Amino acid sequence: MRKRHALAVVSAGICGLVTAAPAQAAEYSSALKIKAIQYDAPGRDSNRCSGGNTKDEYLVIKNYSRTATVNLKGYVVKDATGNRFAFTASHHLQPGDFIRLRGGRGTDSDAGNVVYRQNCNFIWNNDKDTIYFYKPSGARADVHSYTRSANDRDGNGYITYHG
């Protein structure tokens, strides 16, 4: 249980009470954030490398900075059970640009806004999961938990975050 601290503020004859927000309400300081997730690939799940649909499961990462270009090299994506993907190659996202991190095997393309995990196993659970996104320093860039029933009202397996 987190403690909330109250702080009395006295300024220019005005007395008030300020309550600190709970830690889980904090927004992470990062230009790159998770924009959306297709956590349930359309169709029947098949993690075969040939003919499977893991490539249809993806995470959209967007650069929300207005001025900074950010290199994804060193960033890490994890799920609640510790499945992880590390960006080991340079992928530069211009301000407002995005990339889809897809399952399956394929050729990465900055022009096509896609990076493949080169792994044919699904990473996201179809009922609920947590997405952790870490900076190269190890600090959290973003985190989101979802459940199919609470966050995916139309049941299409796609959820949008950060507009």
Side-chain angles (χ1 to χ4, degrees), residues 20-43 45-47 49 52-163:
Q24 64 269 27
E27 181 73 21
Y28 296 103
S29 174
S30 176
L32 298 183
K33 293 193 182 296
I34 299 163
K35 180 180 181 345
I37 183 171
Q38 179 73 51
Y39 67 89
D40 186 5
D45 285 354
S46 172
N47 62 355
C49 283
N53 64 341
T54 55
K55 70 182 178 320
D56 297 327
E57 179 185 89
Y58 59 89
L59 187 67
V60 181
I61 298 168
K62 182 177 177 179
N63 181 354
Y64 285 90
S65 171
R66 293 182 184 172
T67 58
T69 296
V70 182
N71 187 356
L72 274 165
K73 187 175 183 175
Y75 277 80
V76 174
V77 173
K78 290 184 183 179
D79 76 345
T81 61
N83 293 310
R84 68 188 303 270
F85 174 82
F87 289 90
T88 57
S90 290
H91 298 282
H92 295 86
L93 294 181
Q94 305 294 324
D97 203 5
F98 69 92
I99 198 158
R100 282 188 179 92
L101 174 61
R102 289 189 176 276
R105 301 190 191 283
T107 303
D108 296 349
S109 169
D110 284 349
N113 295 62
V114 66
V115 171
Y116 288 89
R117 290 191 359 255
Q118 305 304 334
N119 182 322
C120 296
N121 293 320
F122 290 99
I123 190 171
W124 310 113
N125 294 331
N126 289 351
D127 59 342
K128 64 181 178 179
D129 213 333
T130 301
I131 311 157
Y132 299 96
F133 185 44
Y134 293 96
K135 296 178 182 182
S137 68
R140 272 197 191 154
D142 204 3
V143 63
H144 293 281
S145 293
Y146 67 85
T147 65
R148 177 182 289 277
S149 60
N151 304 107
D152 188 7
R153 303 269 184 223
D154 61 5
N156 67 356
Y158 186 84
I159 300 170
T160 300
Y161 307 105
H162 300 294

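Just so it is clear, the model here is predicted, and its values are computed rather than measured. Note that these values count all heavy atoms, side chains included, but never hydrogens, waters or copies made by symmetry.
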**Prompt:** Within 45° of the axis and under 6.0 Å from the centre of the six-membered ring of Y134, does NZ or CZ of K78 qualify?
**Reply:** yes
- Item | Donor-acceptor under 3.5 Å (E57 side chain, R102 main chain) | no
Counting C-beta onward and ignoring hydrogens, is there a side-chain heavy-atom pair between V115 and F85 closer than 4.5 Å?
yes
query = Are Y39 and D152 linked by a side-chain donor-acceptor pair shorter than 3.5 Å?
reply = yes
Exactly one of D40, D129, N126 clears side chain to side chain donor-acceptor pair (under 3.5 Å) with R148, and that residue is D40
* Do H144 and N151 get their side chains close enough for a donor-acceptor pair, meaning under 3.5 Å? -> no
Query raised in the report: Under a 4.5 Å cut-off applied to non-hydrogen side-chain atoms, are R105 and Y116 in contact?
Result: no
### Query
Are any non-hydrogen side-chain atoms of R140 and Y132 less than 4.5 angstrom apart?
yes
- Does the cation-pi check pass for R100 over Y58, that is, NZ or CZ under 6.0 Å from the six-membered ring centre and within 45° of its axis? yes
Before you tell me yes or no, could you show the steps for F122 and N53 under side chain to side chain contact (heavy atoms under 4.5 Å, CB included), namely the whole-Å CA-CA distance, both residues' side-chain angles and the distance that decides it to 0.1 Å? CA-CA 9 Å; F122 290 99; N53 64 341; 3.2 Å; yes
Exercise. Please say whether more than 12 non-hydrogen atoms of neighbouring residues, nucleotides or ligands are located less than 6.0 Å from NZ in K135.
Key: yes
(Q) Measuring only between side-chain heavy atoms, which start at C-beta, is F87 closer than 4.5 Å to V77? (A) yes
**Request:** Decide yes or no on side chain to side chain contact (heavy atoms under 4.5 Å, CB included) for T54 and R117, but give the supporting numbers first.
**Result:** CA-CA 10 Å; T54 55; R117 290 191 359 255; 5.8 Å; no
